[in-house]
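Every chain is numbered from 1 and lettered A, B, ... according to where its sequence line falls, protein lines coming before strand lines.
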Number of protein chains: 4
Amino acid sequence: MSDIRRQRVPRPVREQQIIDAAIRVFARRGYHAASVDEIAELAGISKPMVYLYLDSKEGLFLACLRREAERLLTAFRAAAGPAHSPELRLRAGLLAFFTFVAEHRDSWVVLHRQSSEPSPAITAELARSRRALLAEVTGLVRADIEESDGPACPEDDAEFVTYTLVGAADSLTDWMALHPGEPPERITLRLMNMVWVGMRNVLDGEVWTTPSGTP
Amino acid sequence: MSDIRRQRVPRPVREQQIIDAAIRVFARRGYHAASVDEIAELAGISKPMVYLYLDSKEGLFLACLRREAERLLTAFRAAAGPAHSPELRLRAGLLAFFTFVAEHRDSWVVLHRQSSEPSPAITAELARSRRALLAEVTGLVRADIEESDGPACPEDDAEFVTYTLVGAADSLTDWMALHPGEPPERITLRLMNMVWVGMRNVLDGEVWTTPSGTP
Amino acid sequence: MSDIRRQRVPRPVREQQIIDAAIRVFARRGYHAASVDEIAELAGISKPMVYLYLDSKEGLFLACLRREAERLLTAFRAAAGPAHSPELRLRAGLLAFFTFVAEHRDSWVVLHRQSSEPSPAITAELARSRRALLAEVTGLVRADIEESDGPACPEDDAEFVTYTLVGAADSLTDWMALHPGEPPERITLRLMNMVWVGMRNVLDGEVWTTPSGTP
Amino acid sequence: MSDIRRQRVPRPVREQQIIDAAIRVFARRGYHAASVDEIAELAGISKPMVYLYLDSKEGLFLACLRREAERLLTAFRAAAGPAHSPELRLRAGLLAFFTFVAEHRDSWVVLHRQSSEPSPAITAELARSRRALLAEVTGLVRADIEESDGPACPEDDAEFVTYTLVGAADSLTDWMALHPGEPPERITLRLMNMVWVGMRNVLDGEVWTTPSGTP
DNA sequence: AATGAATGAGCCTTCATTCAT
DNA sequence: GATGAATGAAGGCTCATTCAT
């Protein structure tokens, strides 16, 4: 602002700046209510640059989705890969997730909280990235079963557990925002505490009954 | 079209018809992308009626939020109230929740999947209804602790468990949509199976450790 | 302007007013340079009405094309139909044409002077209306041959004559604008004078040679 | 792209390349719809070069008009000049015209098919070049009269004939595009056949009458 | 109770044009 | 001689909202 001379920034850098700004605005307002004007202003450039580099509002949103999905998945895989027991791998993955969201809250909102589907391309990309994350988690869940049990776990059950886990983690994301001091490690531990035993129950096909035995 | 006499419908009925239509459209498109035109058409009336009865797009949305939040809470309370053990009350509450969502998917989407907050009034109303549901669940969670333990449960832990539970239930809502035949009872049972034991762990302040004992 | 109350005009009337204004603007500026803003202002309404009634700039242009092509063709056919000799029919048709253009210069410009092809739909509609007029003229030209000669006239020659005739008439449209007092009747007579004999020459396949016989 | 050394081309050559590209684009799209971007790309250079050499979109268009009007006029004069009888001069001029258009269709489109007048400078230049061509033709037409008759030909009549002739020739340009094999010579001959006699009629002030004598 | 007609404001997008290198 | 980076301005289109009947 104080230096009025037009900044001359190489294209790849500018593109990232624009995507950074877009993620903030898309997260705050949602896809439809977000205006390219606001994104451009936050990025410190004029609107035509956005169109020159990212093609359209849709293209811009897709670029955000792709970049952040990639980042999150990479972080998740890098964390969950090395450990040996499925239990430790899940724990590491969750920690990576909460760490990522703690640092990139807006990215997670953009990736996971788009309620409507503005265009086929966006619908597809959202589906793609969500499926990739689910697949990653399902992989860990399955690995756990196969190790401990035999082959008996039905497809459905692993999926059920995955949805439960991802939903819980997503919701804890809000809890985290309410408790800024809380380190991701503690959240991860508590979540493991809460679901680890139960996971086994479900995957083993146990049927919950009331303590008194009444169904 | 020209021959159908303009329907004369008493105001309260018309209002409900408009809200019904609005919920469908808001759920499908999201608040911003929803157009009053589409809502009026789906309700089978002209636009000025919408404004006459509900005042504005915002007023219309608020009416949707209020009516559906009320419905859901009522259903939840009615189910969770009578039973005696906290465990059974939670189970009944979850069943009521899944039953409600199975029958009113759009309502849940409107209540819980608004990614952005278009106006202070809406923000407030959303917060109010979400808080009410959370409070209901937290109540059950606390009741459980107090019965079994003593007063030792920290505020945070109950809230943590609540967020986990609500997030899981919300996410299972999607799983439910993927498995249309699945009865809400089975979903409820599996979810209880998965979280009931873990809840106790967390509320008792247990610290999860790796199987091998490494923290 | 002096009466500020919003005019309430029934839809069919407004549509014609909008098309009237559009023809003037499209003629003056060409399709691309014409702005919907200017059209709306000339029609004395706001822009959204244009879109409500005619759908888009393209739809508006198509409406202009259809209405004016219809008018011109109707006038042409009504004039050229009744007379008995082809010669008189052609004369009557040309008179109708010049009369139409004298009264609706802008329409002719819109119908015939669009240099570029902005969209497939417009290209198609322009082709359709131009072809219809050409067909009308070609019909008269052919009728003339068949009456006087035998069947020997090649397809190409009738078409050649038609293009010549139409091009001449179109260009005389400009001449007419330069000589405002000139009645359409005189223009028609002079044009008949100029082409009637030659038409026969071409249709009979005569080959022109220099007076001195040098090719 | 990165490896091709930037071409160093002397200014006059580059200018012609740019004008070549511009004519193609202006012909295809019309003045307004043509974009400087597309012209620069087709010319194989960057946009600032266009502005450096031709100053503005308007300047670019004017340069096109001037160059092509000059070319056409030169060809016309060179052809029509030498012959001795007006008849042969007209024939030679028409042949030159059709030959030019056969080879430079885009140029003729740019020169003669601009439906709107974007700026005073362009309006003036277009008028100038059209007038120059008309003057050339009118010259031939007058020469013919003066030779055969005497001074009696009214100004108007020569102009009328000129407009007819030019309009016919322009329209036959489209016919030519529809019949790619047709040599310009045949078109010229047929056009002469069609108008030569009629021209005399008009210039002599004859009044066309119906065969049966009814005016 | 109900609606056809109308609009101000805002958003996505593009284009001619310039600046700094 | 040549270009990548950047923008002011304007145009097409839509939407929430209101007026007159």
Side-chain angles (χ1 to χ4, degrees), chain A residues 5-11 13-15 32-40 44-60, chain B residues 5-11 13-14 32-40 44-53 55-60, chain C residues 5-11 13-14 32-40 44-60, chain D residues 1 5-11 13-14 32-40 44-53 55-60:
Chain A
R5 277 180 305 177
R6 294 180 188 174
Q7 296 249 35
R8 291 182 64 78
V9 174
R11 175 167 180 155
V13 177
R14 263 287 136 83
E15 273 182 12
H32 264 101
S35 90
V36 178
D37 262 304
E38 187 179 357
I39 293 170
I45 55 165
S46 67
K47 238 188 316 180
M49 293 293 304
V50 177
Y51 285 89
L52 190 58
Y53 286 172
L54 279 313
D55 263 5
S56 65
K57 190 182 183 181
E58 186 185 338
L60 178 52
Chain B
R5 246 170 296 202
R6 293 173 188 173
Q7 302 254 45
R8 284 254 177 176
V9 175
R11 173 157 182 162
V13 178
R14 264 284 139 85
H32 245 95
S35 85
V36 177
D37 266 299
E38 188 179 355
I39 293 170
I45 54 163
S46 69
K47 245 188 311 181
M49 292 297 297
V50 177
Y51 284 87
L52 186 61
Y53 286 171
D55 232 49
S56 67
K57 189 183 183 181
E58 187 185 340
L60 180 51
Chain C
R5 278 180 305 178
R6 293 179 189 175
Q7 297 249 34
R8 290 182 65 79
V9 175
R11 177 166 178 155
V13 177
R14 262 286 136 83
H32 264 100
S35 91
V36 177
D37 264 306
E38 188 180 356
I39 292 169
I45 54 164
S46 69
K47 234 189 319 180
M49 292 293 303
V50 177
Y51 286 91
L52 189 58
Y53 286 172
L54 278 314
D55 264 3
S56 66
K57 189 182 181 181
E58 186 186 337
L60 179 51
Chain D
M1 288 233 185
R5 246 170 297 202
R6 293 173 190 173
Q7 301 254 44
R8 284 259 179 172
V9 174
R11 173 157 182 162
V13 176
R14 263 286 137 84
H32 246 96
S35 85
V36 178
D37 266 300
E38 189 180 354
I39 292 169
I45 54 164
S46 70
K47 246 188 312 181
M49 292 297 297
V50 176
Y51 284 87
L52 187 61
Y53 286 172
D55 233 47
S56 67
K57 190 183 183 181
E58 188 185 340
L60 180 50

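Contact annotation: R14(A) does not reach the phosphate of dG4(F) (side-chain N/O to OP1 or OP2, under 4.0 Å). OP1 and OP2 of dT14(F) both lie 4.0 Å or more from every side-chain N or O belonging to Y51(C). Between R11(A) and dA6(F) there is no side-chain polar atom (N or O) within less than 4.0 angstrom of OP1 or OP2.
For S46(B), counting side-chain heavy atoms from C-beta on, the closest listed nucleotide (dA2(E), dC11(E), dA16(F)) is dA2(E). Nearest to the side chain of K57(B), among dG11(F), dA16(F), dA10(F), sits dA16(F). Of the candidate nucleotides dC15(E), dA10(F), dC13(F), dA10(F) has the atom nearest to the side chain of K47(A). Of the candidates dT17(F), dA5(E), dC12(E), the closest approach to any side-chain atom of M49(C) belongs to dA5(E).
Pair assignment for dA20(E) gives dT3(F), based on Watson-Crick or G-U wobble hydrogen-bonding distances that are each under 3.5 Å. Nucleotide dG11(F) is matched to dC12(E) when pairs are restricted to Watson-Crick or G-U wobble geometry with both distances under 3.5 angstrom. Pairing for dA1(E) is absent, with no Watson-Crick or G-U wobble pair whose two atom distances lie under 3.5 Å.
We find that CG of D37(A) is positioned 17 Å from P of dG11(F), with the value rounded to whole Å. The distance from atom CG of L60(D) to atom P of dC15(E) is 16 Å, rounded to the nearest whole Å. To the nearest angstrom, P of dG10(E) lies 14 Å from CD of E38(A). Look at NE2 on H32(D): it is 11 Å from P on dC15(E), rounded to the nearest Å.
Counting non-hydrogen atoms under 4.0 angstrom, A40(B) reaches nothing in the nucleic acid. L52(D) comes within contact range of no nucleotide atom at all, as no heavy-atom separation falls under 4.0 Å. Within the 4.0 angstrom heavy-atom criterion, only backbone atoms of the sugar-phosphate kind lie near A34(B); the bases stay farther away.
In this structure, Y53(A) OH and I45(A) CD1 are separated by 8.0 Å, a value rounded to the nearest 0.5 Å. Taking NZ from K47(A) and OH from Y51(A), the interatomic distance works out to 6.5 Å, rounded to the nearest 0.5 Å.
Across A40(B) and S46(B), no two heavy atoms sit closer than the pair CB-C, 4.2 Å. Contact detail for K57(B) and H32(B): the closest heavy-atom pair is NZ-O, 3.3 Å.
When the nearest nucleotides of DNA chain E are assigned to V36(A) and P48(B) by heavy-atom distance, the more 5′-ward of the two goes with P48(B). Nucleotides of DNA chain E nearest to E58(D) and Y53(C) differ in position, and the one nearer the 5' end is that of Y53(C). Taking the nucleotide of DNA chain F with the nearest heavy atom to each of A33(B) and G44(A), the more 5' of the two is matched to G44(A).
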